[in-house]
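Below, chain A is the first sequence line, B the second, and so on; all start at residue 1. If you're wondering where the values come from, they're calculated on a predicted model, not measured in any experiment.
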Amino acid sequence: MANSSTDFFLKVYDVVREIPYGKVTTYGAIAKAIGEAKSARTVGYAMNASHQFDDIPAHRVVNRNGVLTGKHHFPGTYVMQQMLEAEGIEVVDDKIINFKTHLWEPEIRL
DNA sequence: CCAATGACTACAA
DNA sequence: GTTGTAGCCATTG
């Protein structure tokens, strides 16, 4: 409870849950939104643990290049891509087309 | 406690 | 635009 590490995870999940349908965001944006801009890497780690939750759209989180770097952590090979395509996002070569157009930036939380 | 790992990012060449 | 290096921080061994 309220351990500093757990708190970080909860903050990440809180932001990821707010990603609107058909939109995506980056690890850095999430880290920045929770006031841990330098912990972008740890955000990805939190995503790895998000598999135990069913309300964390981790497929909407990509790196700053719009590349599905985390697709290897999904059960299937193209699961993440199919999920994005199901939301109207074009994905080619593990990369989001018009990434900037689908990009959604979370609000800064203090 | 120390070393290694990783779903990242920024900067230099 | 691509490639390499460094910084960052929570988790694991």
Which whole-number value in Å describes the distance from [X] [atom1] to [N] [atom2]?
| X | N | atom1 | atom2 | result |
| --- | --- | --- | --- | --- |
| F53(A) | dA7(B) | CZ | C1' | 16 Å |
| H59(A) | dA7(B) | NE2 | P | 19 Å |
| I30(A) | dA10(C) | CD1 | P | 16 Å |
| H72(A) | dT5(B) | NE2 | C1' | 17 Å |
| K71(A) | dC8(B) | NZ | C1' | 19 Å |
| K11(A) | dC9(C) | NZ | P | 14 Å |
| N48(A) | dC8(B) | CG | P | 11 Å |
| F9(A) | dG6(B) | CZ | P | 16 Å |

For a quick check of understanding: with a heavy-atom distance under 4.0 Å over all strands, which category does [X] fall into, base, sugar-phosphate or nothing?
| X | value |
| --- | --- |
| N63(A) | sugar-phosphate |
| A49(A) | nothing |
| H51(A) | base |

*Side-chain donor/acceptor contact of Y27(A) with base of dA7(B) under 3.5 Å*: yes
Any protein N or O atoms within reach of nucleotides 11-13 of chain B? Criterion: under 3.5 Å, listing atom names and distances.
none

_Under 3.5 Å: donor-acceptor pair, side chain of Q52(A), backbone of A49(A)_ = yes
*Any side-chain heavy atom of V61(A) sitting closer than 4.5 Å to one from V16(A)?*
yes
*For the pair T42(A) and E36(A), evaluate side chain to side chain contact (heavy atoms under 4.5 Å, CB included) and give the outcome as yes or no after the intermediate values.*
CA-CA 9 Å; T42(A) 315; E36(A) 300 283 349; over 6 Å; no
*Determine, step by step, whether F99(A) and V62(A) satisfy the side chain to side chain contact (heavy atoms under 4.5 Å, CB included) criterion, reporting the C-alpha distance in whole Å, the side-chain angles of both residues, the deciding distance to 0.1 Å, and the verdict.*
CA-CA 10 Å; F99(A) 172 59; V62(A) 296; 3.5 Å; yes
*asked:* Who clusters with I97(A)? Use side-chain heavy atoms, under 4.5 angstrom, across I, L, V, M, F, W and Y, and order the result by chain and number.
replied: V92(A)
*Name the residue closer to the 5' end of DNA chain C, choosing between R41(A) and E36(A) according to the nucleotide with the nearest heavy atom.*
R41(A)
_Whichever of Y45(A) and K38(A) has its nearest DNA chain C nucleotide further upstream toward 5'_ = K38(A)
*Electrostatic pair R60(A)-E87(A), nearest N-O below 4.0 angstrom*: yes
*asked:* Counting only side-chain nitrogens and oxygens, does T69(A) get under 4.0 Å of the OP1 or OP2 atom of dC8(B)?
replied: yes
*Got a sec, which pairs hit side chain to side chain donor-acceptor pair (under 3.5 Å) with one end in residues 12-27 of chain A, sequence neighbours left out?*
D14(A)-R109(A), R17(A)-D55(A), E18(A)-R109(A)
*asked:* Among dT11(C), dC9(C), dC8(B), which nucleotide has an atom closest to any side-chain atom of S39(A)?
replied: dC9(C)
